[in-house]
Amino acid sequence: MRICCIGAGYVGGPTMAVMARKCPDVRVDVVDIDAARIAAWNGDCLPVFEPGLAEVVSEVREKNLFFSTDVDSCVRDADIVFISVNTPTKTYGYGAGRASDISFVESCARKIAEVSKGGKVVVEKSTLPVRTAEVIRSILAGSGMDFQVLSNPEFLAEGSAVRDLENPDRVLIGGDDASPGGRAAIDLLSSIYERWVDPSKIIKTNLWSSELSKLTANAFLAQRISSINAISALCEITGADVDEVARAVGSDSRIGSKFLKSSIGFGGSCFKKDLLNLVYLCEHFHLAEAAAYWRAVLDMNRYQKARFSRKVLDSLFGNIRSKRIAIFGFSFKENTNDTRESPAIDVCADFLNEHAHLAFYDPRVSPKQICAELGVDENDPRVEFCPSAEEAADGAYAIVLLTHWEEFVLLDYEKIYATMKKPAWIFDGRNCLDHRLLLEIGYNVCGIGKGNLS
Ligand code: UDX
Ligand code: ADP
């Protein structure tokens, strides 16, 4: 059995590494057109940072896991081909700003049809608009060979990808369950997962249910965050504490406690893109009210980020021009080097508009990456990159914590306080610090949904 995965990104790389480890008798080739990325996967510094990933890769690389740019021969020789390429929001033409750009997926389907010598099972791994399988199917049908198209969306979260892949809540496989060939393909893919996943966790559906379930799962998760963030605004006015409200609400077993952590807003490559995709689908099918409902989840996220930057500005007397502000964390969440749609981008852009001087520290994100996201040059006098959180805070008027890296929780804030301008502010955009302690040290503290802390 040979598996090939097209796309060596945040999804393809970790997913295939875990699959190769769990299936030592299966050869897994991960291919990409980006030669630099493939070189990085073959080197010591992997292009994706994930806890535990380097260990998995070093165990199986060059044994049954191979990274290569030789797309044609790896696809040709595979029994199962996963498509795990990027599907960004379309930036041009019809549906711009909302619909997903599936051009990369289409070119993969054309490549599979072109180089294959016989039928294969083709698996959509990327999150796609509902009915994309139909596009893939019709391109493959032109080849005259017997292809089966499956949808097998990935539910891993960055930062815990290896754990999520090794122990998933469920594996979803959608296929043409009305035909014997479709059912055989579903069973073949299922047999791969059954090597390490309990069969009761493998959900088999038709193609469209599988495609739509992925969008819906992400929309529900994002909606919970926007819901608690909407409540956080109310907490700040009424004196309620959003973490206490979340705990009280989340202990209702019908609601559950996860994804109720109020923050500066959600980021990441999936939530916004998938919500926009859902809005676009609803609009396409003339479901204006359903579209407006899901759009509101995004509106709330935008509002939360803007509200936070405004609070920083107002607290510093409406003036942050030339003031040093320490930015703790830039990735969209902890334990990843991914900055896609990070709320830090909008918040820092607001500060730069006010001509603040930003001193960045993120344990995993490079200065180059931060500059690319903010559209500034590394030599821009408004930005500075520090080798530690302490150095970023040295001489700062405020610390703005944007990512919940564990090392920020463990810092010696008393020592840091002594090096800062007074009044020294901490804006905890993740509610992860000990606010009582910080107040005792002498900081002015501002969390999310915490009312006035004094
Ligand atoms: C998400 C889904 O969780 C995953 O199942 C899907 O496959 C891909 O999209 P990911 O974007 O990697 O995963 O991270 P996730 O843990 O979902 O966090 C997304 C954003 O929401 C982050 O910015 C995070 O900080 C924020 N978040 C999460 C909150 O603000 N509060 C919460 O309670 C949870
Ligand atoms: P994700 O988070 O979905 O994994 P990434 O952007 O991290 O998305 O990775 C997608 C990868 O797919 C990129 O490395 C990109 O170079 C690769 N890719 C896109 N189109 C093709 C293609 N036609 N053939 C091979 N690789 C492709």
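Treat the numbers as computed from the prediction; the structure is a model and nothing was measured. Atoms within a ligand are numbered from 1 in the order they appear, just like the ligands themselves. FYI, side chains are in, hydrogens and waters are out, and symmetry mates aren't considered; it's all heavy atoms of this structure.
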Query raised in the report: Got the residues with a heavy atom under 4.0 Å of ligand 2, by chain and number?
Result: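 Residue list for ligand 2: Ile6, Gly7, Gly9, Tyr10, Val11, Asp32, Ile33, Asp34, Arg37, Ser84, Val85, Asn86, Phe104, Ser107, Cys108, Arg340.
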Query - Mutual orientation of the aromatic rings belonging to Phe360 and Phe385 [parallel < 30°, tilted 30-60°, perpendicular > 60°] - result: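 Aromatic pair Phe360/Phe385 classed parallel.
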Query raised in the report: Ion pair present between Lys261 and Asp243, side-chain N to carboxylate O less than 4.0 angstrom?
Result: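 Asp243 and Lys261: salt-bridged.
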**Report entry** With sequence neighbours excluded, residues passing side chain to side chain contact (heavy atoms under 4.5 Å, CB included) with Ala40
**Finding:**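 Side chain to side chain contact (heavy atoms under 4.5 Å, CB included) list for Ala40, sorted by chain: Pro47.
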Query raised in the report: Will you find, in the side chains of Gln369 and Thr339, an N or O donor that is under 3.5 Å from an N or O acceptor?
Result: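 Present: a donor and an acceptor within the cut-off.
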Requested in this report: Would you check if there is a donor-acceptor pair between the side chains of Ser103 and Asp101 at a distance under 3.5 Å?
Outcome: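 Ser103 and Asp101 do have a side-chain donor-acceptor pair below 3.5 Å.
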Requested in this report: Heavy-atom cut-off of under 4.0 Å around ligand 1: list whichever protein residues fall inside it, by chain and number.
Outcome: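 Those residues closer than 4.0 Å to ligand 1 by some heavy atom are Glu154, Phe155, Leu156, Ala157, Glu158, Lys214, Asn218, Leu221, Ile225, Phe259, Leu260, Lys261, Ser263, Phe266, Gly267, Cys270, Phe271, Phe332, Lys333, Arg430.
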Query raised in the report: Quick one: which of Ile136, Val149, Thr132 gives a side chain to side chain contact (heavy atoms under 4.5 Å, CB included) with Ile83?
Result: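 Testing each of Ile136, Val149, Thr132 against Ile83, the sole residue satisfying side chain to side chain contact (heavy atoms under 4.5 Å, CB included) is Ile136.
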Query raised in the report: Do we get Arg170 above Phe155's six-membered ring, with its NZ or CZ under 6.0 Å from the centre and within 45° of the axis?
Result: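 Output yes; distance and angle both within limits.
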Query raised in the report: Where the side chain of Ser210 meets the backbone of Leu207, is there a donor-acceptor pair that is under 3.5 Å apart?
Result: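 Absent.
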**Report entry** All side-chain hydrogen bond (donor to acceptor under 3.5 Å, both in side chains) counterparts of Lys125, not counting sequence neighbours
**Finding:**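 Expected list: Asn152, Glu154, Tyr193.
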